[in-house]
Amino acid sequence: MSVRVRIAPSPTGNLHIGTARTAVFNWLYAKNKGGSFILRIEDTDLERSKPEFTQNILDGLKWLGLNWDEGPIFQTDRTALYQTKIQSLLDQGLAYRAYDTPEEIETMRARQKARNEAPRYDNRHRNLTPDQIAAYEAEGRTAVIRFKIEDSREITWTDLVRGNVSWKGRDLGGDMVIARASNTGTIGAPLYNFVVVVDDIDMGITQVIRGEDHIGNTPKQILLYEALGATVPEFGHTPLILNETGAKLSKRDGVTSIFDFKKMGYTAAAFCNYMTLLGWSPIEGMDEIFSLESASKVFGFDRVNKAGAKFDWDKLNWINSQYLHAMPVPELTDLLIPYWQEAGFAFDPIADRPWLERLVAVIGASLAKLTDAVEMAEYLFTQAVTPTEDATKQLGLDGVKDALSAVLAAIPTEALTEESAKAIIDAVVKEKGVKKGLVMKSLRAGLTGSLQGPDLMQSWLLLNAKGWDRIRLTGAIG
RNA sequence: GGUGCUGUAGACAAAUUGGUAAAGUCACAGGGCUUUCAAUCCUGGGUUUGCGGGUUCAAGUCCCGUCAGCACUGCCA
């Protein structure tokens, strides 16, 4: 049977890193097995689901390059199917209507808590007599539908990453609600744990690969597979992504959407690369820099770690830098232009393209994030620079202004080249009898307003192309 | 409270069926290059698998106990 896996995000929020990483693992596994990767939107929470979140999820997956083979399938389009299935469970006596009010459930839980017991539904409405049912209905009570879970059951499965996992029925919290409250004779909105199973069966999902936070749902779902007469798929629960403090990475950690990473200057390929490394390790001899495509060739759950993976910004930065350094200049230029525009730098992306590419060629190898290019190249985009303290000090040194005046006077009217620029420096050194280091350092201070930065000669040429070298040096002398 | 999962250097982690642990990567430190910074290259340090027992010729790997962290415990997903 061919492999069919899915990513099933809920549009109650933006696409976040946990879901994205799960999507990566599913994608990798599907590709490795020559199977299908399916996208299903779990929008059964009508209150919290929002179209803009669905859009964010779709856009995010596309940006990451996690193309899906089927879908998106929306659960809200499938309520008829869920109702049919629920009705059949009802008919078989595997599920029943429970008329408890939320308040009654609340007091039951409070009592359990007071006695230091685990909160659970005590199945009190499992065997209601026809009279009791009639009485509740006469009262006008609505009923949820609960699926029976026998305390004596023992549920076991072989997890793709964790091996044998087993659970006792009595630890599952009592008969589970599979449909929200509704009036007599109707079936309320179906709930997550139920629709997931119905859909996974219907869509022929062969492996359910999801985060470890779902591990407690698995035994309940296995029971549902059995009740629905379906083959239980394989399950693989991947480790969670943790923040510095070891808690599940969440919105509070400053990243609510995958696009936050884009804004921060990470490329999709690098980010996917890093997510893959969060819990999976490459095979012997394989580099840590790889494409999703090449990782898919060797991906398997035997190399997925069980422990939670701490998110490491340093490592992400390094990986991103490797992608940026290896990127051809035109491509990098395309990616950088929006960041410079965003920063408010004045330039014409078309007319200035050759100049921009020269700039990218100079700074490309130093970038870790795309956003680094803003600060790094600022002195080339804004006409006036404020010299740093060190630069000011350098410009005040004996003989500096004299030497820079000589340089300024020697700048040719035609475009400067690396050779002519070097010749000017050599001539000034000789003529003024000063150390070359002094000239170089001072020139850097005068030209860029700083004592460190990208290659001086290239910076000068870039400035010269705009005619700003004269302006800067004049300012430095005066 | 209950249940489950996890625990190898600062981080990610590797380690055939138990058989020399800390491979590799990041970070960090030192050096080269660049008369700058970054990048890059070279070198280096860290140490004994959370802790305690047990089985074994041999345990990161198996067993028992213990501690810690995390997750779940909804008419959310």
Side-chain angles (χ1 to χ4, degrees), chain A residues 8-13 19 42-45 47-49 75 98 100-102 105 109 112-121 142-146 159 161-162 165-168 170-173 176-182 188-193 195-196 210-219 237 239-240 242 244-248 274 277-289 303 305-319 321 324-325 363-368 372 376 390 435-441 444-445 448 450-456:
Chain A
S10 167
T12 53
T19 309
E42 314 229 306
D43 54 354
T44 51
D45 186 338
E47 314 259 299
R48 297 192 299 149
S49 293
Q75 292 186 321
D100 313 272
T101 63
I105 296 291
R109 291 223 175 91
Q112 287 164 338
K113 200 167 180 189
R115 278 182 295 197
N116 236 338
E117 289 171 6
R120 72 191 315 273
Y121 181 60
T142 55
V144 298
I145 295 170
R146 286 186 183 267
D159 199 274
V161 342
R162 275 145 226 282
V165 181
S166 85
W167 223 280
K168 288 183 173 60
R170 78 176 80 96
D171 293 325
L172 263 25
M176 65 187 277
V177 178
I178 55 174
R180 291 184 175 83
S182 69
L191 260 15
Y192 168 77
N193 268 120
V195 297
V196 167
R210 68 211 331 185
E212 194 202 312
D213 47 345
H214 280 288
I215 205 162
N217 288 144
T218 303
H237 290 92
L240 262 22
L242 278 19
E244 305 60 11
T245 65
K248 189 163 81 166
Y274 181 59
L277 254 12
L278 248 22
W280 179 76
S281 55
I283 60 166
E284 184 81 41
M286 182 177 173
D287 209 79
E288 287 199 334
I289 302 297
R303 294 186 78 83
N305 203 43
K306 296 193 221 354
K310 243 173 223 160
F311 191 87
D312 183 357
W313 291 94
D314 283 334
K315 183 105 179 204
L316 206 215
N317 288 340
W318 175 77
I319 289 178
S321 76
L324 262 26
H325 299 170
I363 66 168
S366 302
L367 299 174
D372 293 343
M376 210 176 275
D390 286 346
K435 283 188 178 164
K436 193 175 180 183
L438 182 84
V439 177
M440 296 292 279
K441 220 170 163 184
R444 178 181 285 284
T448 72
S450 171
L451 253 32
Q452 58 264 320
D455 186 88
L456 178 57

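Everything numeric in this text was worked out from a predicted model, so none of it was measured. Within every chain, numbering begins at 1; the chains are lettered A, B, ... in the order of the sequence lines, protein sequences first and strands thereafter.
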Closest of B:A27, B:A77, B:A11 to the A:D312 side chain is B:A11
Can you tell me how far C1' in B:U56 sits from the matching atom in B:U61, rounded to whole Å?
13 Å
Categorize A:P102 for me: base, sugar-phosphate, or nothing, with a 4.0 angstrom heavy-atom threshold over every strand shown.
base
note: A:I319, atom CD1; B:A11, atom P; distance rounded to Å ~ 17 Å
In short, A:V161 meets A:N305 closest at the heavy-atom pair CG2-O, 4.4 Å
message: Assess, by modelled atom type and distance only, whether the side chains of A:S450 and A:T448 contain a donor and an acceptor separated by less than 3.5 Å.
response: no
Touch check for A:G453, heavy atoms < 4.0 angstrom, all strands: base, sugar-phosphate only, or nothing?
base
Does the pair A:D45/A:R48 count as a salt bridge with the N-to-O cut at 4.0 Å? yes
(message) Applying a 4.0 Å non-hydrogen cut-off, can you work out what A:S281 is touching in the nucleic acid: base, sugar-phosphate, or nothing?
(response) sugar-phosphate
For B:A9, the nucleotide meeting Watson-Crick or G-U wobble distances (both under 3.5 Å) is none
Ranking B:U3, B:C5, B:A13 by distance to the side chain of A:A309, first place goes to B:A13
Whole-Å distance, A:L438 CG to B:U36 P, equals 15 Å
Which of B:C72, B:A77, B:U6 is nearest the side chain of A:K306? It is B:U6
Roughly how many Å apart are B:A22 and B:A9, using the C1' atom of each and rounding to a whole number? 8 Å
Q. Are A:R210 and B:A71 close enough that a side-chain N or O sits under 4.0 Å from OP1 or OP2?
A. no
Pairing partner of B:U61, by Watson-Crick or G-U wobble and under 3.5 Å for both distances, is none
Notebook entry, point to check: Which part of the nucleic acid, if any, lies within reach of A:S366 when heavy atoms closer than 4.0 Å are counted: base, sugar-phosphate only, or nothing?
Noted result: base
Checking B:G4, B:C26, B:C75 against the side chain of A:R146 (C-beta onward), the nearest is B:C75
*Tell me what A:R170 touches on the nucleic acid: a base, only sugar-phosphate, or nothing, going by heavy atoms under 4.0 Å.*
nothing
From CD1 of A:I178 across to P of B:A77 the rounded distance in Å is 13 Å
Requested in this report: Name the nucleic acid region contacted by A:D287, choosing base, sugar-phosphate or nothing; use a 4.0 angstrom heavy-atom cut-off, strictly under.
Outcome: nothing
To the nearest angstrom, the NZ-P distance between A:K310 and B:A9 comes to 10 Å
- Task: Identify whether any heavy atom of A:A181 sits under 4.0 Å from a base atom; if not, whether one sits that close to sugar-phosphate; answer base, sugar-phosphate or nothing.
- Result: base
Is it the case that the base of B:U3 and the side chain of A:K168 share a donor-acceptor contact (distance under 3.5 Å, atom types as modelled)?
no
Lys/Arg-Asp/Glu bridge criterion (N-O < 4.0 Å) met for A:K306, A:E212
no
In whole angstroms, the gap separating C1' of B:U25 from CD of A:E288 amounts to 4 Å
Name the nucleic acid region contacted by A:S321, choosing base, sugar-phosphate or nothing; use a 4.0 angstrom heavy-atom cut-off, strictly under.
nothing
* Asked: Looking across every strand, which nucleic acid part, if any, lies under 4.0 Å from A:G279 by heavy atom: base, sugar-phosphate, or nothing?
  -> sugar-phosphate
Separation of B:C76 atom P from A:Y192 atom OH, nearest Å, is 14 Å
#### Entry: Pairwise P distance for B:A68 and B:C57, with rounding to whole Å
35 Å
Testing B:C75, B:U36, B:A14 for proximity to the side chain of A:Q452, the answer is B:U36
Of A:N116 and A:G216, the one whose closest nucleotide on RNA chain B sits nearer the 5' end is A:N116
Looking only at B:G24, B:C70, B:C76, the nucleotide nearest the A:L191 side chain is B:C76
- prompt: B:C76 base to A:R48 side chain: any donor-acceptor pair below 3.5 Å?
  reply: yes
In whole angstroms, the gap separating C1' of B:U25 from CD1 of A:I283 amounts to 16 Å
Next item on the list: Using a cut-off of 6.0 Å, state whether more than 12 heavy atoms not belonging to A:R180 lie near its atom CZ.
Entry: yes
> When we call it a touch if two heavy atoms are under 4.0 Å apart, what does A:R120 touch: a base, just sugar-phosphate, or nothing?
Replying inline: nothing
Report task. Answer with base, sugar-phosphate or nothing: what part of the nucleic acid does A:N305 contact at a heavy-atom distance below 4.0 Å? Result -> sugar-phosphate
Side-chain contact check for A:D314: nearest option of B:A13, B:A77, B:A27 is B:A27
Under a 3.5 Å limit on both distances, the Watson-Crick or wobble mate of B:U3 is B:A71
| task | Indicate, with a heavy-atom threshold strictly under 4.0 Å, whether A:H214 touches base, sugar-phosphate, or nothing. | result | base
inquiry  = Applying a 4.0 Å non-hydrogen cut-off, can you work out what A:E42 is touching in the nucleic acid: base, sugar-phosphate, or nothing?
reply    = sugar-phosphate
Among B:G1, B:A77, B:A71, the one nearest any side-chain atom of A:A247 is B:A71
Any strand, both distances under 3.5 Å, Watson-Crick or G-U wobble: B:A29 pairs with B:U43
Rounded to whole Å, the CZ-P distance (A:R162 to B:C72) equals 13 Å
* Asked: Considering only the P atoms, how many Å lie between B:U8 and B:C51, rounded to the nearest integer?
  -> 10 Å
Nearest heavy-atom contact between A:T218 and A:R210 is OG1-NH1, 3.0 Å
So, do A:N193 and A:I178 sit near enough that their side-chain heavy atoms are less than 4.5 Å apart? no
| query | What integer number of Å spans the C1' atoms of B:G60 and B:A21? | reply | 8 Å
Practice problem: Please examine the side chains of A:I289 and A:I319, heavy atoms only from C-beta on, and report whether any two atoms are closer than 4.5 Å. | Solution: yes
With the side chain counted from C-beta on, respond yes when A:E288 and A:K315 share a heavy-atom pair under 4.5 Å apart, and no when they do not. yes
- Query: If you look at every strand shown and take non-hydrogen atoms under 4.0 Å, does A:L451 touch a base, only sugar-phosphate, or nothing?
  - Reply: base
Regarding the side chain of A:V165, the nearest nucleotide among B:A39, B:G4, B:C75 is B:G4
Checking A:S321 side chain against A:A368 main chain: does a donor-acceptor pair fall under 3.5 Å?
no
Does any donor-acceptor pair link the side chain of A:E117 with the base of B:G2 at a separation under 3.5 Å? no
Against the side chain of A:R303, the closest entry in B:C26, B:C5, B:A14 is B:A14
* Asked: Side chain of A:N217, base of B:A77: donor and acceptor closer than 3.5 Å?
  -> yes
